Colleague: 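Below: one structure in structure tokens.
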Protein chains: 2
Amino acid sequence: MSVPTNPRAVTRADVARYAGVSTSVVSYVVHDGPRPVAAETAARVREAIRVLGYRPNASAQALRTGSSKMLGLIVPELDNPFWSELAVAVTHAAAARGYDVLIANSDGDAQQERERLRTLSARQVDGIIVTSIMTHPDLSSTTDPGIPMVLLNTFFEVPEYASIGVDALRGAREGTQHLIDHGYREIGLVMGHTGSMELREQGWMQALRAAGLPDGPIVRCSFDRAGGYEAGLRMFDGGAGPRAVFVSSDLQAVGLLRALYELGLRAPDDVAVVSFDGVAEADYTNPQLTVVRQPVEAMAAAAVDRVLAREDPDAHHLDLVPAELVLGASCGCDVRR
Amino acid sequence: MSVPTNPRAVTRADVARYAGVSTSVVSYVVHDGPRPVAAETAARVREAIRVLGYRPNASAQALRTGSSKMLGLIVPELDNPFWSELAVAVTHAAAARGYDVLIANSDGDAQQERERLRTLSARQVDGIIVTSIMTHPDLSSTTDPGIPMVLLNTFFEVPEYASIGVDALRGAREGTQHLIDHGYREIGLVMGHTGSMELREQGWMQALRAAGLPDGPIVRCSFDRAGGYEAGLRMFDGGAGPRAVFVSSDLQAVGLLRALYELGLRAPDDVAVVSFDGVAEADYTNPQLTVVRQPVEAMAAAAVDRVLAREDPDAHHLDLVPAELVLGASCGCDVRR
DNA sequence: CTGAAAGCGCTTACAG
DNA sequence: CTGAAAGCGCTTACAG
């Protein structure tokens with residue numbers, strides 16, 4: 001009946017001893033089942049749990065039940081705002097369903113991605129949400145086939161996996177259309193290098209052609225601030241360049257704004273800008289970016305729901321979530337949000 | 001001798017059967033010990049592991065050995081760039097030592113922080129690195145006393161815990177001194193609300209007084225972009241305000257730059273700015289921010305080393321890591337980095 | 001060099 | 001309503 005003073009963690013055996021019951025009863029009380037427990041006994045057990053500070057050992061539970069109540073999440077770079085915002089959204093969606101999230105960073109490297117997949121699998125996560133840098137991630141042979149997996153931020157069907165992504169084609173079309181609505185006739189494109197983003201390029205092009213406008217200039221660059229900066233210098237140096245640009249990510253737009261700043265050009269007066277993503281950073285650029293916002297929370301919730309739905313009626317399913325145009329000042333609107 | 005086709009995960013028993021050895025030998029081969037194994041037997045086991053795709057069940061290992069090879073990391077907001085950059089640094093430092101990191105988000109809430117601490121503890125992490133929003137985090141009663149814990153981003157001694165933080169006092173002094181060196185005589189302070197940051201305020205003040213300058217105006221605000229924006233409006237609206245400002249975080253400086261932009265003021269021509277932290281975002285503001293950079297990698301490595309050093313010779317230890325002044329253009333230097 | 005056995009902490013079907 | 005027992009997959013001291 002005394003509180004143990006050794007540093008070893010408290011186990012249900014300690015609780016059982018303290019409460020004067022069997023270890024089974026401790027479990028019944030902790031889980032409120034599957035066997036009934038007399039009210040008075042339960043109260044004694046709860047008191048023991050409180051006094052001793054008992055928490056069930058998650059490893060033992062995972063081993064016994066086969067479920068770790070953890071979800072794995074693979075992101076390319078956790079220090080990229082889009083991924084960190086998505087990771088937070090996944091964490092919240094998972095928490096709402098009683099799951100912790102084990103976040104693994106692949107550092108944008110395909111080999112590390114595979115390795116992280118393996119360690120998540122070894123850690124017995126109940127499901128894995130993968131946001132891959134690869135257009136067609138090679139996932140098949142790397143994980144326990146018993147672990148459900150969904151692809152998040154994927155814009156096309158991947159055989160054997162459910163995938164969830166924003167409707168990038170339509171989002172890009174609407175973002176470009178907004179620039180057209182402002183009256184700009186020449187609209188360039190700053191586009192990141194990657195097959196999976198082609199839909200943004202197609203959306204931009206569709207909008208232009210539907211309006212009977214010529215294709216604007218395209219500059220391709222890496223998917224970060226530095227890339228956008230270089231693209232901006234290439235597109236606008238020497239006074240050339242289009243009157244407006246659609247940019248494939250907010251971070252690239254941030255780099256583009258730097259290039260314009262250095263070139264002595266002003267947005268939106270000299271160059272109007274609309275970009276894709278809608279991260280928090282885009283709210284505080286000067287001018288504030290008009291963005292095609294990815295509905296990060298909805299995407300995360302859909303991914304968690306999907307990976308937890310063990311039945312998996314249609315593995316080929318592609319779930320396209322609509323993006324939303326959020327007006328700022330960079331397009332010429334001068335809305336304040 | 002056939003590959004199992006059921007979806008159940010492969011266990012060492014499957015490997016043993018396939019290789020025609022006992023399960024002990026499988027362990028000996030996997031861990032290269034503690035008993036020797038004949039070269040030919042080992043080769044057969046390795047082949048079986050490869051063919052079957054075996055990976056040891058981490059839950060079972062954790063239960064058996066008492067070590068999960070996971071470190072817990074608590075951050076207030078993972079979608080704040082400073083915390084996400086720190087989280088990545090911790091992940092890298094931990095990976096270099098064979099540890100995965102379980103990242104837990106407290107959403108800046110003290111109660112959630114305690115709850116996350118408990119779940120990390122229940123998950124049998126081998127150590128916890130806490131970056132608390134609280135000046136004096138109440139950690140004592142919430143975790144298994146057997147789990148080592150260090151405080152990261154803490155600038156003062158906390159009884160019973162090792163803590164690691166940047167030398168904020170000196171960093172702030174040097175950042176302010178740099179503005180003084182530029183010749184500014186009136187230097188304001190934009191300061192976040194929190195006791196633990198007072199050192200930045202003291203550093204700013206020390207620099208001013210050492211130079212025989214009067215204290216500049218102080219505006220206090222929340223520790224984010226919105227806070228910096230409001231502080232900027234308050235400090236500079238109506239044409240008033242100091243010629244230079246030291247800002248307690250990059251994000252607040254981003255908000256301040258927005259306020260200046262809206263007020264038609266230019267940095268550094270009208271107002272020079274130096275801020276604290278050195279996140280990636282600060283590289284791409286217009287103008288580029290001059291920052292007192294926190295050595296995130298060094299801090300993360302120190303925290304991981306400390307939490308993994310089980311001996312713990314001096315729990316009261318406070319490890320202060322020096323910050324580094326990184327020049328940009330917002331102070332008036334016009335260095336490009 | 002190899003294998004049988006105990007035990008980490010837990011859950012749950014089974015017996016009472 | 002309560003408890004004794006099996007077993008999840010692993011590691012490792014012990015015996016051979």
Side-chain angles (χ1 to χ4, degrees), chain A residues 4 6-45 48-49 52-69 121-126 144 146-147, chain B residues 4 6-45 48-49 52-70 121-126 144 146:
Chain A
N6 65 339
R8 199 181 48 70
V10 178
T11 73
R12 90 218 172 297
D14 300 315
V15 175
R17 201 174 309 118
Y18 187 93
V21 298
S22 74
T23 59
S24 310
V25 170
V26 176
S27 273
Y28 301 154
V29 170
V30 167
H31 297 101
D32 202 19
R35 300 286 99 206
V37 175
E40 201 213 317
T41 312
R44 228 167 50 242
V45 171
I49 288 173
L52 301 176
Y54 168 70
R55 294 223 99 194
N57 178 319
S59 298
Q61 286 183 312
L63 177 59
R64 174 59 224 235
T65 64
S67 164
S68 62
K69 286 291 192 178
S121 170
R123 290 210 181 275
Q124 311 298 116
V125 295
D126 293 345
D144 188 325
I147 300 183
Chain B
N6 67 336
R8 199 182 47 71
V10 177
T11 73
R12 89 216 172 297
D14 301 315
V15 175
R17 202 174 308 119
Y18 187 94
V21 298
S22 75
T23 59
S24 311
V25 171
V26 176
S27 273
Y28 301 154
V29 171
V30 167
H31 297 100
D32 202 18
R35 300 286 100 206
V37 176
E40 201 213 317
T41 312
R44 226 164 55 236
V45 171
I49 289 173
L52 301 176
Y54 170 69
R55 294 223 98 194
N57 179 321
S59 298
Q61 286 182 312
L63 177 59
R64 174 59 222 237
T65 64
S67 164
S68 63
K69 287 292 193 175
M70 285 201 297
S121 171
R123 290 210 181 275
Q124 311 297 115
V125 295
D126 293 344
D144 188 327

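Note that the coordinates shown come from a computational prediction; the quantities given were computed from them, not determined experimentally. To find a chain, count down the sequence lines: A is the first, B the second, and so on, and within it residues start at 1.
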Colleague: Could you grab the distance from atom NZ of A:Lys69 to atom CZ of B:Arg123, nearest 0.5 Å is fine?
Modeller: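 Nearest 0.5 Å value for the NZ-CZ distance: 9.5 Å.
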Colleague: Decide yes or no for B:Val29 and B:Thr41: does some side-chain heavy atom of the first lie under 4.5 Å from some side-chain heavy atom of the second?
Modeller: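 With C-beta onward as the side chain, the pair stays apart.
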Colleague: Can you tell me the distance, in whole Å, between the OH atom of B:Tyr54 and the P atom of D:dG9?
Modeller: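 Spelled out: OH on B:Tyr54 to P on D:dG9 is 10 Å.
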Colleague: Counting only side-chain N and O atoms of A:Thr41, is one of them less than 4.0 Å from OP1 or OP2 of D:dT2?
Modeller: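 Checking A:Thr41 against D:dT2: at least one side-chain N or O falls below 4.0 Å of OP1 or OP2.
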Colleague: On DNA chain D, nearest-nucleotide positions of B:Thr65 versus A:Val21: which is more 5'?
Modeller: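 This one resolves to A:Val21.
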Colleague: Starting at CG of A:Leu52 and ending at P of C:dG9, how long is that distance when rounded to a whole Å?
Modeller: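 One finds 14 Å between P of C:dG9 and CG of A:Leu52, rounded.
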Colleague: Indicate, with a heavy-atom threshold strictly under 4.0 Å, whether A:Pro56 touches base, sugar-phosphate, or nothing.
Modeller: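 Sugar-phosphate, backbone atoms only, no base.
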Colleague: Specify the separation, in whole Å, of atom CZ of B:Arg123 and atom C1' of C:dC8.
Modeller: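 Value for this atom pair: 18 Å.
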Colleague: Within this structure, what is the CG-to-C1' distance between A:Leu63 and C:dC8, rounded to whole angstrom?
Modeller: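 From A:Leu63 CG to C:dC8 C1': 9 Å.
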Colleague: For B:Arg17 and D:dG9, give me the distance from atom CZ to atom P, rounded to whole Å.
Modeller: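 Spelled out: CZ on B:Arg17 to P on D:dG9 is 11 Å.
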Colleague: Once hydrogens and angles are ignored, does a donor-acceptor distance under 3.5 Å link the base of D:dG3 to the side chain of A:Tyr28?
Modeller: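 Present.
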Colleague: Kindly compute the distance separating OG (B:Ser27) from CG (B:Asp32), expressed to the nearest 0.5 Å.
Modeller: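 One finds 12.5 Å between OG of B:Ser27 and CG of B:Asp32.
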Colleague: Is it the case that the base of D:dA4 and the side chain of A:Ser24 share a donor-acceptor contact (distance under 3.5 Å, atom types as modelled)?
Modeller: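 Present.
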Colleague: In whole angstrom, give the distance that lies between atom CZ of A:Arg64 and atom P of C:dT12.
Modeller: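 Whole-Å distance recorded here is 6 Å.
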Colleague: Would you tell me if any nitrogen or oxygen in the side chain of A:Gln61 comes within less than 4.0 Å of OP1 or OP2 on C:dG9?
Modeller: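 So the side-chain polar atoms of A:Gln61 never come under 4.0 Å of the phosphate oxygens OP1 or OP2 of C:dG9.
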Colleague: Partner lookup for C:dC1, please. Criteria are Watson-Crick or G-U wobble with both distances under 3.5 angstrom; report none if nothing qualifies.
Modeller: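 Here C:dC1 is engaged in a pair, and the nucleotide opposite it is D:dG16.
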Colleague: What is the distance, rounded to the nearest whole Å, between atom NE2 of A:His31 and atom P of C:dG9?
Modeller: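 It is 16 Å, rounded to the nearest whole Å.
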Colleague: For A:Lys69 and C:dC10, give me the distance from atom NZ to atom P, rounded to whole Å.
Modeller: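 The distance from NZ of A:Lys69 to P of C:dC10 comes to 17 Å, rounded to the nearest Å.
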Colleague: Quick check: do A:Thr23 and A:Thr11 have side-chain heavy atoms less than 4.5 Å from each other?
Modeller: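 Answer no - side chains too far apart.
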Colleague: Which value, rounded to the nearest 0.5 Å, describes the distance between A:Asn57 atom CG and A:Leu63 atom CG?
Modeller: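 Here the rounded value is 9.5 Å.
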Colleague: So, is A:Arg12 close to the C:dC10 phosphate, meaning a side-chain N or O under 4.0 Å from OP1 or OP2?
Modeller: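 Yes, such a contact exists.
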